[in-house]
Amino acid sequence: MPDEGGSLIHVRIDAEPLFSVGPLTVTNSMVGAVVTSLILLLVAWYVTRRSTLVPSRLQTAVEFPIEWIGNIVEGTGGTRWRSFAPLVISIFLFVLFANWLGLLPGVGTIGLFEQEHGEQVLVPFVRSASADLNFTLGLAIVSFFAFIGFGVKANGVKGYLKHTFVANPAYMTPIMTPIHLISELSRLISLSMRLFGNVFAGEVLLATMLALVPLIVPIAFLGLELVFGFVQALVFALLTMTYVILAIAENEQHGTAELEDSTHDHPGDEPDRHAAPQGTAA
Amino acid sequence: MTRTPDEQPRDKGSGKRPVVPTPNWGLALDLGVRLGLSVVIGLAFGLIVDNWLHTNPAFTLIGIVLGVAAAFYTIWDVARNAMRR
């Protein structure tokens, strides 16, 4: 048995390696990401197999977050909302379940004891994927390239590069280009650091409270972490949506729209619905 | 409580569902973090270049100035985009 309490508070900032498959080292946060994906895939597979026009309780529970985020994207995303709504909804669900996975019994608490610096520490088999900077940075990179991709799609490669690297007036380019690049890079780091920081801090807080007061008190903190996990997933998804909208809006502002209006593929969609400026930014 | 599309009351005239308003706080949260990060990125860039070229502290100072300028640019950019829409 480990020493009392000490090993419970032990939380490493980096994910612990479990085993290697050739050159690939599998960490417990990678296992967490795979478990999250499997949960989402299995639920989606089970529900879509039995989906009916009059939804069951399970179908309603699964459809609700999708429709809710879909409504937000539709209300804010302009005429091209259908092209990026799946991305935003997927990010929301994936981050939400990755955040909440860390709150399940056994996640972060079942593992093997190993010697580290002469101390016996628990290496859990599964760790919340969002508590690993590699995961959040990877997701932020996906989001980053998504809004760059939508910007390129809207402006064309030449137009996008011109907008990014050439200032107006042109003689300000040597000063404005590095400033613009720093500003763009801050989006990427801000997205990844915020999610990682919040989820990791939550895990440390829970581990500490469990070690100090094992009964009753941690329930309140578990409730808080449920809320924080939801809020962080929502923030990540909505910021991705905002960045994509801004990338497309730059195109409309410069009057060089080339992006095919995806609503043309959906004759049932109302053309005048987004004609007036939408209420708020994300 | 947000309603699902099927639950939302339709406009009597057009029969369309109303547009769902989107919360603004996400952008506010992001702006706060990006202000600090811009300065840190500029500083890190300056330190790395100075370490590489042995020009300490020239690029560190330039990096800090660029980072602060990027922070202000970020505010201006977010405000401009918000007002445009």
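Chain letters run A, B, ... following the sequence lines, proteins first, then strands; residues in each count from 1. Hydrogens, waters and symmetry mates play no part in the numbers below; they use all other heavy atoms, side chains included. A quick note: this is a predicted structure, and the numbers were derived from the prediction, not measured.
- Ranking B:Ser38, B:Ala71, B:Gly42, B:Gly67 against chain A, the residue ahead of the rest is B:Ser38, based on heavy-atom pairs under 4.5 Å.
- Within 6.0 Å of OH on B:Tyr73 lie more than 12 heavy atoms contributed by other residues, nucleotides or ligands.
- Applying side-chain contact (heavy atoms from CB on, under 4.5 Å) to A:Ile179 and the options B:Leu66, B:Val68, B:Thr74 leaves one that passes, B:Leu66.
- For A:Met176, the part lying near chain B is the side chain, with the backbone staying farther off; criterion is any non-hydrogen pair under 4.5 Å.
- Within a 6.0 Å sphere centred on CZ of A:Arg57, heavy atoms belonging to other residues, nucleotides or ligands number 12 at most.
- Atom CG of A:Leu185 and atom CZ of B:Arg34 lie 10.5 Å apart (nearest 0.5 Å).
- Note that CG of B:Asp77 and NE2 of A:His180 are 7.0 Å apart. Values are rounded to the nearest 0.5 Å.
- Nearest heavy atoms, B:Ala70 versus A:Ile182: CB-CG2, 3.6 Å.
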Note to self: One pair to check against side chain to side chain contact (heavy atoms under 4.5 Å, CB included): A:Tyr243 and B:Asp30. What are the steps and the verdict?
What the structure shows: CA-CA 11 Å; A:Tyr243 293 154; B:Asp30 184 53; 2.3 Å; yes
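- Enclosure of atom CZ in B:Phe45 is not indicated, since only 12 or fewer non-hydrogen atoms of other residues, nucleotides or ligands lie within 6.0 angstrom.
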